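Scroll down for the structure; my scribbles are underneath it.
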Amino acid sequence: MADVVARDIRIPARSGQLSLHKFARRKSTIAFLMALPLIAIIACLVIYPAFYSIHLASLNKSMTKFVGFGNFEFLFRRNTFWMVVEQSLLFAITAVIFKAVVGFIVAHFVHNLPSQGQRKWRGMLLIPWVIPPAMSTLAWLWLFDPSYSAFNWVFTHLGIPQVAWLGNPYWARFCVILVNIWVGSPFFMIMYLAALKSVPEQLHEAAAIDGANWFQKIWYINLPMMRNIIQITALFSLIVTFANFDIVKILTNGGPVDQTHVFATWAFTLAIWGNDIPLGASVSLFMAPILAIAAFFILRNVRRRGNEA
Amino acid sequence: MAQVALRNIVKMFDRTPAVQGIDLDISDREFIVLVGPSGCGKSTTLRMIAGLEEATSGEIYIGDQLVNDVPPKDRDIAMVFQNYALYPHMTVFENMSFGLRLKKFPKPEIRERVQAAARILDITNLLDRRPKQLSGGQRQRVAMGRAIVRNPKVFLFDEPLSNLDAKLRVQMRTEIKKIHQTVTTTTVYVTHDQVEAMTLADRVVIMNGGRIDQIGSPHEVYHKPRTQFVAGFIGSPTMNFLPCRLVENGAGLTVRLSDWLALPVPPSREARYRPRVGQEMIFGLRPEHIREGRGDMPPGSAAFDARLDVVEPMGMETMVYFIVDGVEVCGRVDPAAAGNVGESMRLVADLNQMHLIDPRTEVVI
Ligand SMILES: Nc1ncnc2c1ncn2[C@@H]1O[C@H](COP(=O)(O)OP(=O)(O)OP(=O)(O)O)[C@@H](O)[C@H]1O
Ligand SMILES: [Mg+2]
């Protein structure tokens, strides 16, 4: 009898008292208990390093003395720090916007290909994303080489003055963003393609009959229907791009004169080359609050629409 | 308001033909129903009128304009889809006004038109909802509202009622008829439900295997089917078909159905059938024209006795089945008069309603 009552929570007579027995029988409790080992592992792998880096950030350079916010005060007074903040934001936001735009456009092209050819194109377009960035960035490094590179060779033949791609701070910023877009847009393409495939073809037909041209179909049908995917993909990519390390490290190593450093590369430079691990930890801690704010706003939108649609 | 004309329309999907040469003239304000079994090319034909499929060959006219190369958005048509295809991210109002907003109508006029259409369809209180918050019948109304608001030249319906339950379907059927009487727009309506076809249509187009078998008023296709397919498709339960031989019997003609059953051809049909004397034919007679034997015998009727094989009471009437040379034959009789299974019952066939079909061409003579 007790079993029956415990199983059916809707029975009003007993639902007020929450016996231990009933609590253990609840689906959510069981689910929690079963997921506990995984939660514990994640907690160890995430929470421990997080607290450890906070601890590190509060020490002095030789890690012998507690200095509180001393490292942060030092950072705030340095111009390079603000430059890195600026470059990180510029790098991440520009790259994500362009990756999204390129991915969106390419996804539409691929979606409208005849279905036989689609698989082939999809595979080829994913290549930049699947080869290790360390390797492909080396190829780009060679392409950007001031004297022997393909770009400058073409420029010479066209009579356009050569460009010091990685030597000029502005061009160097352009280059790291360009390579990041090249590596990252296939991910957007594949996500948007999946979202596009879930837009029923009949909606396009209905819109065509309602008088929509191709652009209006994209603007009024595809875009709103893909909005959640677009935002989640953008958020995810923003986090990854913000924390980018390999492309900047290989292509410019932060140079010229620290102009292309982002948080991760600068933290690495300070901590490893500069032998100041606490300062590096302080820099890398800065990413967290900025990303948390972005995540909050984007996810709030997603949740609100999820309820109404 | 406009007439629609199809001239020898062919549609191939790769190398399989879906529509094989259709000619159809639809006059202004007419309600045309395309009906036929699954896969006969009804939707394909409709989608070609809409411009969603390109005709492989042939010409399509809307009004006086050749529209083969006109994209759907410029054809000034409205279509109601089987699963409604409402825009899920828009409210009912936005769904209905989408076409007008694209055409940059002034806001007050949009509001006015949507309100008017909503009043006709009785959905004024739903305008702020999203499609997800509507029942099937309500979505159906919104889909129709989206079509009405635009005031197009032609309405196209592709099985708009097939996702509704039986009761709602009957209700919406009546409603569609009423709406057509109000707005009188030229309408092409696709269905595989012959009751919808018969009740809604000014003219019914019966399609079979990518071709048109017959075009005619509901009365015509019921009483004067052109082919065996039409005769069998229209009417429920379907017409009885029996192999027979047409024989001379003194001055008159007789159809011999089996060694125990032969029915006299009414004199009015004799001239038409005489050239076929001696040939193997198919005899067709609807169940409703096989009734119980009553006192009087109208001219052209013939009485016979049959041993009942199955008896199905339907309430208002009873279906009786008997076997003639291995073929099951159905009759519709008064419940009070129906006999029991295994018993013999006196039945009367109204031969004024009979059909003779040439088995080679399957054409009704
Ligand atoms: N996109 C397509 N590609 C290939 N063949 C198709 C396509 N659309 C339809 N067909 C074929 O064309 C024929 C006619 O299809 P259609 O959809 O017009 O039938 P229908 O009469 O509407 O049937 P239903 O009552 O089942 O809706 C079918 O044999 C179908 O398989
Ligand atoms: Mg169909």
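Quick note on labels: first sequence line is chain A, next is B, and so on, each numbered from 1. Since this is a predicted model, take the numbers as computed values, not measurements.
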What part of B/Leu52 is in contact with chain A, defined as an atom under 4.5 angstrom from a non-hydrogen atom: side chain, backbone, both or neither?
side chain
Is it the case that the side chain of B/Arg75 and the backbone of B/Val67 share a donor-acceptor pair, with hydrogens and angles ignored and the cut-off at 3.5 Å?
yes
Please classify the contact between B/Leu86 and chain A as side chain, backbone, both or neither, with a heavy-atom cut-off of under 4.5 Å.
backbone
Tell me, for B/Arg47 versus chain A, whether the close heavy atoms (under 4.5 Å) come from the side chain, the backbone, both or neither.
side chain
So, for A/Phe236 and A/Phe187, is the gap between ring centers shorter than 6.0 Å?
yes
Can you tell which of B/Met79, B/Arg150, B/Arg101 has the highest number of heavy-atom pairs within less than 4.5 Å of chain A?
B/Arg150
I'd like to know whether the aromatic ring centres of A/Phe263 and A/Phe242 sit less than 6.0 Å apart in this structure.
yes
Has the side chain of B/Arg130 got a donor or acceptor atom that lies under 3.5 Å from a matching backbone atom of B/His89?
yes
